[in-house]
Amino acid sequence: MAKPNPSRESTRRPRWRTRLTLRWRVAVAFALGSLLLTGMVSVATWTLASDYMFKQRRQSVTWQADVNVRLVDNALRTGSNSLDELLTGLSTPPDTTLLLRHDNRWITSGRPVELSSLPPQLLDAAHQNRPLELELVTGGIPVLAVSRPVPSSAVDAFIELFPLVELHGTLRFLRTLLIAGTGLSALLGFLLGAWASRRALRPLSTFTVAVSRVAAGDLTARLPPQKDPDLDSLATTFNDTTEALQHRVQRDARFAGDVSHELRSPLTTMINAGAMIRRRRQDIPESARRPLDLLLSEVDRFHQMVLDLLDIARDDQQTSTQDREPLNLADLVGHTATNLGIGTPIEVGTAEAPIVLADRRRLDRVVANLLTNAVRYGGGPVRVWLGHHEGTVRLEIDDAGPGVPPELRHQIFERFARGNRAGSRGTLGGTGLGLAIVADQVARHGGTTWVEDRPGGGARFIVQLPPAPT
């Protein structure tokens, strides 16, 4: 049996599930639950109330019709011939219609009604002296038609039409009230769900912020104690895990710093010895010069790696921002380029000086690493631009090299990543820490760095830093 493909199943999910957040889904669930519950109660209330009210109205109508039939029958038995006056004098509600067939003619009283508008079923029951109750509409008015047999043989048919306007109005008001109540209940359920979800997810928002800080490298992030026992255990576990991770990182940083510091002394001796050997290179046989050059270049690279590791270890253990000061980035870039012997002119694309709040030593290392990277791998910088961009201070360094493939643009900012030159040796071989130090230092200053294609070919390294507060 083939296993389900999670990615394929995820693509089949309805779009609305991916668009609605958990908070909205909880609110909608509350609203639907409230709508379903209130709707069921409303339907039951409507059914019971309408049946009861119509039943009561039907009993009242049939009782009134039976009374009127007895009155008509008594009048005929006593020999009264004035049926018109008798029908007019009967106690009936307004808009009620009485129809009586006597001596082959119809006698009516009350609201006028066309006989042709009455259904044949009702007329046949009246002619056959059969009792019948039928709900119908005559003249645009809903009525309950009642046919009753009259014991007197002189009466052929008796029909009484009782209006149901008041009953229908009451039921219509009840229906409107129930529908409005159901809608209002759904709205209140939605608001209650939104409030409950926001209150329930408030600790989750705090957790998200804390996790984001840890993911960004801030291992000092902690969660406050929670009142809920379940959340408190989660917060305690998170704090313990973060503290253990912080201690582990600090221990690894101290270890790297200690190892690098211990290696620094013998490496310094090797560098000094290598300098002496280089000065006496002409005295060395030709066959040994090439291996010697490779050895000395690896010693130099190893020495630079140790220095980089010392810087990283020192930066990992120092998180203070007390050394930061307002710096003119244009002056700092120009000074660093001059010290490195790079004569590329610096373009400042704004009249306002690009001032940032930064540690001069660390920011100087960032610029030096970017310029050195351009010289070592990109044929040297061909353009250095400074200016303001969308509320940030931006530095762009273009080189004339082959560029960075898209799949390596994130990898080259990781420690010991050297891109396409991984595994290479010699004078062009780097330590794999230069751009990692750039990304780390820029992030510590609240900025971002990335690489993209330069128009016309080559790579463009971009650093964005927040401007110094005025």
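We count residues from 1, following the sequence as given.
The side-chain hydrogen bond (donor to acceptor under 3.5 Å, both in side chains) search around Thr38 returns Ser185, not counting sequence neighbours. Scored by the salt bridge (charged side-chain N to carboxylate O under 4.0 Å, His left out) test, Arg280 finds Asp283 as partners (sequence neighbours excluded). Residues meeting the side-chain contact (heavy atoms from CB on, under 4.5 Å) test with Glu243, sequence neighbours left out: Arg222, His247. For Arg198, there are no side-chain hydrogen bond (donor to acceptor under 3.5 Å, both in side chains) partners at least two apart in sequence or on another chain. Taking the side-chain contact (heavy atoms from CB on, under 4.5 Å) definition, one finds that Ala330 meets it with Asn328, Val348, Pro354, Leu386, sequence neighbours left out. The side-chain contact (heavy atoms from CB on, under 4.5 Å) check on Thr236 picks up Asp232, Asp240, with sequence neighbours excluded. Take Arg111 and apply the salt bridge (charged side-chain N to carboxylate O under 4.0 Å, His left out) test, not counting sequence neighbours, and it matches no residue. Arg394 is linked by a salt bridge (charged side-chain N to carboxylate O under 4.0 Å, His left out) to Glu396, counting only residues two or more places apart in sequence or in another chain. By the salt bridge (charged side-chain N to carboxylate O under 4.0 Å, His left out) test, Asp398 pairs with Arg383, Arg460, sequence neighbours left out. By the side-chain contact (heavy atoms from CB on, under 4.5 Å) test, Arg199 is found to be paired with Trp195, residues two or more places apart in sequence or in another chain being considered.
Across Ala210 and Leu223, no two heavy atoms sit closer than the pair CB-CD2, 3.5 Å. The nearest pair of heavy atoms linking Val61 to Phe162 is CG1-CD1, 2.8 Å. Residues Val375 and Pro381 come closest through the heavy atom pair CG2-CD, 3.8 Å. Of all heavy-atom pairs between Ile284 and Ala288, the closest is CG2-CB, 3.8 Å. Of all non-hydrogen atoms in Gly193 and Val26, the two that sit nearest each other are O-CG1, 3.9 Å. Nearest heavy atom pair, residue Ala459 against residue Val451, reads CB-CG2, 4.0 Å.
Taken from OG1 in Thr182 to CE in Met40, the straight-line distance is 12.0 Å, to the nearest 0.5 Å. Atom CD1 of Ile462 is separated from atom CH2 of Trp385 by 9.5 Å, given to the nearest 0.5 angstrom. For the atom pair Ile277 CD1 and Met270 CE, the distance stands at 9.5 Å (nearest 0.5 Å). Note that the CG atom of Asp364 and the CG atom of Asn369 stand 9.5 Å from one another [nearest 0.5 Å]. Taking CG from Leu465 and CG from Leu395, the interatomic distance works out to 8.0 Å, rounded to the nearest 0.5 Å. The CD1 atom of Ile397 sits 9.0 Å away from the CD1 atom of Ile346 when rounded to the nearest 0.5 Å.
Within a 6.0 Å radius of CD in Glu114, no more than 12 heavy atoms belonging to other residues, nucleotides or ligands are found. With a 6.0 Å radius and a threshold of 12 heavy atoms from other residues, nucleotides or ligands, His410 has its NE2 atom at or below the threshold. Taking a 6.0 Å sphere around CE of Met53, one finds it holds more than 12 heavy atoms contributed by other residues, nucleotides or ligands.
The main-chain N or O of Phe30 is never found under 3.5 Å from a side-chain atom of Ser34 such that the two would form a donor-acceptor pair. When atom types are taken as modelled, the side chain of Asp440 and the backbone of Ala436 share no donor-acceptor pair closer than 3.5 angstrom. Without hydrogens or angle criteria, Ser212 side chain to Thr208 main chain gives a donor-acceptor distance under 3.5 Å.
Aromatic ring pairs are classed by plane angle as parallel below 30°, tilted from 30° to 60° and perpendicular above 60°; the pair Phe190 and Trp24 is tilted.
Side-chain contact between Arg454 and Asp399 is absent, with no heavy-atom pair separated by less than 4.5 Å. With contacts defined as side-chain heavy-atom distances shorter than 4.5 Å, the pair Arg278/Leu292 does not qualify. Taking 4.5 Å as the limit, every side-chain heavy atom of Leu171 sits out of range of all side-chain heavy atoms of Phe54. Val214 is listed as a side-chain neighbour of Phe238, based on a closest heavy-atom distance under 4.5 Å. Considering only heavy atoms from C-beta on, Ile412 stays 4.5 Å or farther from Tyr377 through its side chain. A 4.5 Å side-chain heavy-atom check between Leu188 and Leu192 finds every atom pair outside the cut-off. Two residues are said to be in side-chain contact when any heavy atoms from C-beta on lie closer than 4.5 Å; Leu144 and Leu167 fail this criterion. The side-chain heavy atoms of Leu363 and Leu329, taken from C-beta on, include a pair separated by under 4.5 Å.
The stretch residues 164-184 participates, sequence neighbours left out, in no salt bridge (Lys or Arg N to Asp or Glu O under 4.0 Å) pair at all. Every pair passing salt bridge (Lys or Arg N to Asp or Glu O under 4.0 Å) that includes a residue from residues 35-64 is listed here, sequence neighbours excluded: Arg58-Glu133.
Between Asp453 and Arg409, at least one side-chain N (NZ, or NE/NH1/NH2) sits under 4.0 Å from a carboxylate O, which counts as a salt bridge.
Looking at Leu340, Thr336, Val367 one by one, the single match for side-chain contact (heavy atoms from CB on, under 4.5 Å) with Thr372 turns out to be Leu340.
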(request) Check step by step if side-chain contact (heavy atoms from CB on, under 4.5 Å) holds for Val393 and His388. (result) CA-CA 5 Å; Val393 176; His388 293 272; 3.9 Å; yes
(request) Kindly determine whether Leu136 and Val143 satisfy side-chain contact (heavy atoms from CB on, under 4.5 Å), including the steps that lead there. (result) CA-CA 6 Å; Leu136 52 94; Val143 297; 3.5 Å; yes
(request) Start with the C-alpha distance between Leu435 and Leu370, add both sets of side-chain angles, then the distance that settles side-chain contact (heavy atoms from CB on, under 4.5 Å), and finish with yes or no. (result) CA-CA 7 Å; Leu435 293 180; Leu370 288 175; 4.0 Å; yes
(request) Give the C-alpha distance, both sets of side-chain angles, the deciding distance and a yes or no for side-chain contact (heavy atoms from CB on, under 4.5 Å) between Arg362 and His445. (result) CA-CA 10 Å; Arg362 295 180 176 180; His445 285 81; 4.1 Å; yes
